Each structure stands twice: as structure tokens, then as C-alpha cells.
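Since the model is a prediction, treat every value here as computed from it, not as a measurement. Within every chain, numbering begins at 1; the chains are lettered A, B, ... in the order of the sequence lines, protein sequences first and strands thereafter.
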Amino acid sequence: MRSELILTDEDLRKYPFLPSAVERVKELGLTLADVASSALKSVIERAGRYIEASIRNSEIPPPAEDCDEEIVSFMVSLLILKLIGDRLLVRRFAATFARRSRFFLGGEEQDKVLYLLSSLGIKVRRAGNAFGYPLSVNVFDYLSNMPERRGSWKLVHRIVERGWVYVGKAEAIRLGEERLRTLIERRVEEIKVDGLQIPDPLYSLAEKLSSEWGTYLRKIKENWAIAGVDDWESALPPCVKTIMDSVKAGKNVPHSARFMLASFMLSVGLSVEEVLEVFRATPDFKEQIARYQIEHIAGLRGSRKKYSPYKCDNMKTLGLCVAECNVKHPLQYYWKSLRHRTTTKRDKV
Amino acid sequence: MNRGLDPTAIGKSFFRDYYRKLNPEDVDVSSFPMREFAFSYFEGAGMQRHEAFRTPADLSEHLRHTVPRHVYYSSAYYTNPSAKDMDAKGWQGADLVFDIDVDHVKTPCKELHDSWTCKKCGATGQGTCEKCPKCSSESIEKEVWVCETCINVARDEVLKLIEFLENDFGISKDEMSVTFSGHRGFHVHVESEAIRSLGQDGRREIVDYVKGLGLDYKQILVRVPGGFKLRFDSSASGWYGRIARWATLYSSGNELVMDLKTWQIAIEKCVSSEGAAIDEKVTVDIHRLIRLKNSLHGKTGLKAAAFSIEELESQHLLNRVKAFKGEALVEVKRVPQVVLDINLKEGRQRIPLYAALYLLLNGAEIVSFQVL
Ligand code: SF4
Ligand SMILES: [Zn+2]
Ligand SMILES: [Zn+2]
């Protein structure tokens with residue numbers, strides 16, 4: 001938080017989301033029409049590549065050589081995302097972009113990390129190597145941005161002192177990545193397009209990307225149609241249905257909910273592949289990790305223990321129960337409604 | 001004066017007296033217009049939700065007029081608190097709330113005032129019970145009462161919680177407020193800018209922390225010659241320091257090196273003694289309705305009084321929650337031996353009015369009730 005730390009062009013190029021980057025572009029006085037003009041064609045192309053990368057869930061390409069070009073490209077990306085208007089895609093983009101920034105942050109000196117995290121709104125300070133930790137982070141910032149709620153991230157396993165949690169440099173950066181994700185999502189949400197004169201080149205790019213995204217989503221949906229039971233989903237108990245809807249909408253659902261959804265689907269006879277498809281929509285989806293976790297729940301790994309979905313009681317304590325279904329176990333609900341369905345079918349015949 | 005034996009009518013008439021004297025500032029809460037209020041009444045079941053008031057004066061006017069049996073408000077702040085639909089309400093954040101209730105804590109006094117009946121085989125007993133010892137059924141009907149011991153046990157849990165909030169989370173005492181829940185415990189509210197926007201996951205993590213849930217010895221111990229020791233020395237704050245203090249009871253040398261088994265015992269002991277017995281559901285729920293301070297609890301007639309931390313450490317907490325003065329002559333069948341700070345016997349007796357109302361509202365079998 002030393003004020004004499006001055007951000008260089010190189011910094012703004014790597015971190016085009018920083019408040020001072022926005023300031024700088026304001027000073028340039030660019031209009032949307034300028035951006036769309038042929039002189040700045042590279043900006044629009046770059047923004048397009050960034051969004052395409054997140055549609056395909058691959059890495060965002062490296063930043064432009066020129067700092068201003070990078071900042072404007074980033075801002076144009078956000079505008080295009082707003083025009084496309086799909087939250088799942090926004091989440092995707094935020095996650096992939098934040099990942100690129102984490103990579104850069106990893107190469108920075110500690111003082112700069114401290115400075116950059118503070119400008120993202122994370123309260124962080126030097127810890128003077130107390131207990132071997134270089135930094136400490138405000139406990140509520142830690143809680144809002146912790147990437148996992150188990151293992152070494154779990155708060156009970158940390159040194160927590162008067163509102164501060166000791167962390168290593170890499171951990172601080174990881175918290176920053178999560179924070180950045182939320183900030184990017186919020187930035188897009190806050191853009192107001194009503195009344196903006198959107199130049200044609202921007203518009204047609206948004207349309208093209210939107211249809212690419214649509215194709216991608218349709219592919220996922222097709223994989224969803226599960227052989228055998230048509231209308232499989234409507235038999236789901238309300239709690240599982242709720243989780244599934246959130247996952248499909250690309251929301252970041254808590255670990256307990258993911259566990260429930262995966263174990264439930266496995267219990268009703270879906271394959272690891274099929275479960276994997278469902279989770280593909282999650283913003284931080286990483287196929288290898290997800291596969292590992294699902295196989296673990298299926299009992300194909302580790303302890304070879306097959307995990308069963310939670311009982312209603314557990315669901316209630318976890319805050320995942322959303323209705324009073326008069327059953328003890330969500331699976332019970334599922335089998336009941338399936339049975340009901342087959343009998344009514346037979347009645348008609 | 002005999003008010004007849006319609007408990008609802010009697011209760012309501014006393015509640016009416018109480019709310020008539022209540023001042024608007026007694027029911028003031030921060031960001032008042034952004035809160036949702038909810039009421040249930042003496043007449044009819046169900047709860048009337050999604051109410052909002054401009055000022056505390058409007059609310060106290062409403063209380064005087066309608067004399068509710070229970071009054072709740074939202075821990076959440078909304079842009080449009082009277083909207084019925086959650087999305088339309090516009091959630092803006094929520095206080096962090098903890099609920100401590102002796103229902104979930106072992107107390108020595110339950111034998112004296114609680115009883116249970118098995119709905120399946122009819123077996124009965126004193127104290128509390130989760131599973132019928134005769135037929136193993138879990139459908140148990142419980143009759144529960146509160147006494148001074150219960151309140152003191154709950155208070156001790158509150159003090160443990162406050163210690164966590166202050167020393168670990170760095171929350172200052174003036175950001176916390178404690179209110180009596182109206183029955184067997186307390187609510188601790190934390191109002192701070194840093195916490196308002198915290199989501200469910202973050203709140204669940206706080207729950208796990210103050211209860212010591214999920215502590216994994218593999219994470220906090222390291223292998224050394226001769227056994228295991230804590231990853232950080234006893235000067236580390238958080239659970240490390242707490243566990244180190246307990247471990248000294250189990251370790252012979254002055255180096256805290258012990259085998260895994262002993263560590264597990266020490267850690268379990270530490271967690272069960274130092275963890276705060278809070279009800280996680282309440283803390284995790286960011287749309288929760290909570291009893292309004294200084295309103296009356298409809299099953300006890302006790303006041304949800306606010307306590308400062310200093311007051312909590314004082315002797316007779318119950319005196320602060322009694323809402324009614326005077327005495328009554330009551331005849332009760334099948335009484336608990338003790339309720340609140342009063343010992344009861346069978347038959348007709350003269351007891352303080354607040355205790356008599358408690359018996360009446362909580363469903364004791366009252367044969368006669370006369371206010372003196
Ligand atoms: S009652 Fe059981 S099945 Fe129904 S929503 Fe709750 S947890 Fe799910
Ligand atoms: Zn029984
Ligand atoms: Zn008691």
C-alpha cells in the first residue's frame with residue numbers, strides 16, 4: 001500500500017481492469033465510434049478472440065503489445081458480453097480472464113502483489129514472516145474469496161488473529177483471482193447499453209459470438225438428453241432440481257451442493273461422463289479435476305467407497321432443502337415420482 | 001380479578017398492556033425502513049410476512065393495535081422489504097446472526113423441568129430424549145421449560161462465541177448486540193459493513209470455525225521424532241493456541257510431542273469445551289427472520305431484552321426479561337419442579353405473575369388462574 005508505487009505501462013497492460021487503467025482510457029477520450037473505426041480494428045479483433053477463448057474454455061491469449069490497445073480491448077470485451085447478454089458466458093469470461101491475471105501476478109514482487117490486491121479491494125498487509133507467512137488478509141475478504149472450503153483453505157486450519165488470516169504469497173494471489181472474477185462479473189452487469197449508439201462492427205461481432213455460444217450450449221443440451229428415461233428431470237426432488245438449475249445457469253454453487261448433485265445422479269444410474277457434462281457449465285470447470293472428483297464420489301478412486309447422496313435431514317442442516325416433501329431421503333422422492341409416472345402411463349394404455 | 005380460563009384471551013390482554021407502554025425507540029433497529037417484519041397472532045395459525053414500516057413509531061403503533069403473539073424482523077436489508085417475491089425484494093446484505101439455544105446443549109436442570117412422551121408406545125420420562133428407550137421410535141413429543149440454570153448455561157455459550165468474534169474475527173464489542181431469544185437462549189447480532197455482503201458459504205465457514213467443525217489433525221499436526229506436534233507453536237492464535245493449551249493437560253514433557261491417539265483426544269476435548277454451541281441454520285440463512293428486541297415471546301410472556309456484554313456477566317439475567325409485575329394464585333396439574341427462578345409444587349399456590357403467565361402460555365394444565 002505504499003503510495004509511491006507507480007504503475008507502469010507494463011502493469012496496465014497485464015492488468016487492464018485496474019482503476020488507473022480505466023482512468024487512462026478516459027483521458028484518451030475515445031468514443032465508441034473511434035473504436036469501431038478501421039484504425040482500431042485490432043482492438044475489436046482482440047476482444048473477439050478473448051471472448052472466443054472463453055466460449056471454448058481455453059486460455060485467454062496474451063495481452064497486446066501496446067498498453068492502450070489492451071485496456072481498450074478489455075473494455076470492449078465487457079461491452080460485447082453485455083450485448084450478448086448471457087450470464088453464463090460472462091462467468092466463463094470472468095473466470096478465464098482472472099486466470100490469466102493470476103499467472104502474471106505470480107511473477108510479481110511481493111510489494112506489487114500487495115499493491116495490486118489492495119486496488120482490487122482486498123485488505124492485505126505485510127506479516128513480517130510471522131509463523132513463516134509473508135502476508136495477512138482481512139478475514140472477511142478471505143471468507144468471500146476462498147477458492148475451496150476444505151483442506152488447508154478451511155478457516156479452522158489457519159492462524160486467525162484479530163480479524164487477519166496469515167497467508168502465503170501464492171494463496172494471496174489465488175484470493176485475488178477469485179476477487180477479480182467477481183469484479184469482472186459486476187463490471188459487465190453495471191454497463192448500461194440503453195441509449196448507447198453501438199457501431200455496426202461491434203454489433204455484428206456480438207451477433208457472431210452469440211451464435212457461436214448458442215451452438216456450444218446446444219451441444220451441451222444434447223448431451224443432456226439421457227437415454228431411456230425421457231423427461232428424466234421432472235422426476236427430480238425439488239432440492240436436486242434447484243441445484244441442477246443453478247449449475248446449468250453457470251452459477252457457482254457451494255461444494256456441498258455439487259457433491260449432492262453428483263452423488264444423486266450417480267445413484268440413479270448416470271455415468272461419470274454424463275455427470276461430467278452437467279458440470280461443464282460451471283464457471284471454474286476444469287475437466288481433469290471434475291472428473292477426478294466425480295470418480296471419487298462414484299467409488300472408482302481413493303477409498304473405493306461409493307458415496308451416497310445426503311438424507312433430507314442433512315440437506316436441511318446444509319440449507320439445501322427447499323421444500324417439505326414428506327420423505328426421509330431425496331432418492332425416495334425420485335423413485336416415487338418415477339413409479340407414479342409409469343403406472344399412470346400404463347393406466348392410459 | 002379472575003380473567004377466566006381462556007389462555008389466549010388472558011395472554012392477549014397482558015400483551016396489550018405491555019405494548020401500550022412500549023416506546024418507539026425500544027423497537028428501533030438499524031436501517032429500519034429496509035427491514036422486513038413478520039407477525040403471528042393469538043387468533044389463527046400462520047404468519048403474516050412481508051410487512052415494512054417507515055419508522056419505529058409506525059411499528060409500535062401497529063403493535064398496539066394488533067397485539068401480535070410473536071414479532072420478527074429480517075436480519076437482511078432489502079430495497080423493497082414488503083415485496084413478496086425474493087427477487088423483487090432486492091437483497092442488499094444481512095447482519096450476521098447467531099442463535100444459542102439450550103435445546104442443543106446438555107444442562108443439569110432438564111431432569112427437573114423437561115419431560116417427553118413416545119408417540120408410538122406411550123412411554124414417558126423426565127428430562128430430554130431423542131429416541132424412545134423402549135421401542136426405539138424417534139417420534140417423541142417433548143415438553144420443555146426454561147429455568148435460571150438453562151439461561152446461565154446459554155449465557156456461557158454466548159460468552160464463548162463473543163470471545164471468538166473478538167479475538168479471532170476482530171469484531172469489536174460495539175458491533176455486537178445480544179438479545180434474549182424469549183425462551184431458552186440468546187441471539188447475537190453482528191452489524192458491520194465488512195460482514196453485510198458475506199454470502200452463505202462465508203457464513204457457513206464462520207459457523208464451522210466457532211464450533212471447531214472440520215478440524216483435521218492431518219492439517220494441523222506435523223510428524224517429528226517421537227510423535228507429532230502442532231504445526232505452529234502455542235503463540236499462534238486461532239485454534240492452534242486453543243489446542244495447545246488443552247494439549248498441555250495430556251502431555252508429560254514440556255515439548256508438546258504426543259502420539260496421534262492422544263492428540264485426537266486432546267483436540268476433541270478442546271473442541272467440545274471451547275466450541276460455541278450455536279445453531280448453524282440461523283447463521284447460514286441470509287433471509288432469516290429473528291425475534292424483534294423488546295417484543296414478547298408468545299409462549300413465555302418473557303421480553304426479548306437486549307443485553308450489553310457487561311450485563312451478561314451479571315448474576316440475575318432473568319430479572320431483565322420479566323415483563324410483568326405482581327402475583328397470581330394458580331392451580332396447576334402436573335407441574336415441572338422448577339420454571340424460571342421459581343420452585344413449583346402441586347396444587348394451588350401463589351407465584352409471581354410472570355411465572356404464572358409462562359405456565360399459561362406454554363400450555364401447562366391450569367385449573368384456576370387469578371391475578372392478585
Ligand atoms: S424434503 Fe428432502 S427431498 Fe424434499 S426438498 Fe427437502 S431435502 Fe429435498
Ligand atoms: Zn416408544
Ligand atoms: Zn433449566
Side-chain angles (χ1 to χ4, degrees), chain A residues 121-123 125 127 129-133 136-167 175 178-179 182-183 186 242 246 251-258 311 313-322 328, chain B residues 96 138 164-172 175 190 192-221 230-233 235-243 267 270-271 275 279-288:
Chain A
I122 292 187
K123 294 182 224 46
R125 60 189 195 190
N129 217 31
F131 305 102
Y133 287 111
S136 62
V137 170
N138 171 279
V139 64
F140 301 110
D141 289 336
Y142 180 92
L143 290 173
S144 307
N145 298 298
M146 59 200 283
E148 280 179 37
R149 298 189 185 267
R150 59 202 159 108
S152 63
W153 284 104
K154 193 142 187 76
L155 197 62
V156 285
H157 298 141
R158 312 295 308 205
I159 304 179
V160 189
E161 189 182 312
R162 297 238 155 219
W164 295 88
V165 185
Y166 291 102
V167 293
L175 293 169
E178 289 298 313
R179 170 74 185 160
T182 333
L183 286 181
R186 205 177 297 161
T242 306
S246 307
K251 289 192 192 148
N252 208 355
V253 303
H255 180 74
S256 51
R258 291 183 197 209
K311 294 185 288 199
D313 274 355
N314 303 124
M315 293 290 282
K316 288 191 173 91
T317 19
L318 288 167
L320 294 174
C321 170
V322 297
K328 287 227 156 61
Chain B
L96 181 67
E138 281 178 27
F164 277 106
L165 296 179
E166 245 195 321
N167 291 335
D168 298 49
F169 290 92
I171 296 166
S172 75
E175 293 172 303
V190 180
S192 121
E193 203 48 54
I195 287 175
R196 272 193 180 206
S197 58
L198 199 61
Q200 296 204 352
D201 279 342
R203 290 170 199 246
R204 177 166 293 121
E205 201 56 30
I206 296 179
V207 168
D208 285 358
Y209 190 87
V210 302
K211 294 184 111 173
L213 287 182
L215 256 172
D216 178 357
Y217 62 86
K218 283 192 229 94
Q219 292 286 343
I220 59 172
L221 299 176
L230 280 172
R231 232 173 92 200
F232 302 104
D233 65 49
S235 68
S237 40
W239 279 99
Y240 289 99
R242 291 184 179 86
I243 292 169
I267 291 170
C270 172
V271 168
D279 178 353
E280 57 241 56
K281 287 196 287 299
V282 175
T283 305
V284 169
D285 189 349
I286 53 172
H287 300 112
R288 193 76 181 191

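Interface remark: B:S197 contributes no atoms to any contact with chain A (heavy atom separation under 4.5 Å). Neither the backbone nor the side chain of B:L165 comes within less than 4.5 Å of any heavy atom of chain A. With a 4.5 angstrom heavy-atom cutoff, B:D285 does not touch chain A via any of its atoms.
In this pair, A:F131 and B:F232 present their aromatic rings perpendicular. The plane angle is above 60°, beyond the 30 to 60° band.
Among B:E280, B:R204, B:K281, the residue making the largest number of heavy-atom pairs under 4.5 Å with chain A is B:R204. Here B:N167 is the residue among B:N167, B:D216, B:I206, B:I220 with the most heavy-atom pairs under 4.5 Å with chain A. Interface summary for chain A: among B:G199, B:G202, B:A194, the most heavy-atom pairs under 4.5 angstrom belong to B:G202.
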Could you walk me through whether B:L215 and A:H157 pass the side chain to side chain contact (heavy atoms under 4.5 Å, CB included) test, one step at a time? CA-CA 7 Å; B:L215 256 172; A:H157 298 141; 3.9 Å; yes

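Between A:E161 and B:D168, the closest side-chain pair of non-hydrogen atoms is not below 4.5 Å. At least one side-chain heavy atom of A:S144 sits less than 4.5 Å from a side-chain heavy atom of B:L198.
Note that the CG atom of A:L143 and the OH atom of B:Y209 stand 10.5 Å from one another [nearest 0.5 Å]. With values rounded to the nearest 0.5 angstrom, B:R231 atom CZ is found 7.5 Å from A:S152 atom OG.
Scanning both residues, B:D208 and A:K154, for their nearest heavy atoms gives OD2-NZ, 2.8 Å.
Atom NZ of A:K311 sits in a sparse spot, with 12 or fewer heavy atoms from other residues, nucleotides or ligands closer than 6.0 Å.
Scored by the salt bridge (charged side-chain N to carboxylate O under 4.0 Å, His left out) test, A:R179 finds no partners at all (sequence neighbours excluded). The side-chain contact (heavy atoms from CB on, under 4.5 Å) check on B:C270 picks up B:W239, B:R242, B:I243, B:W246, B:E274, with sequence neighbours excluded.
Screening A:I159, A:V156, A:V160 for a side chain to side chain contact (heavy atoms under 4.5 Å, CB included) with B:Y240, the sole residue that qualifies is A:I159.
A donor-acceptor pair under 3.5 Å is formed between the side chain of B:E205 and the backbone N or O of A:L155.
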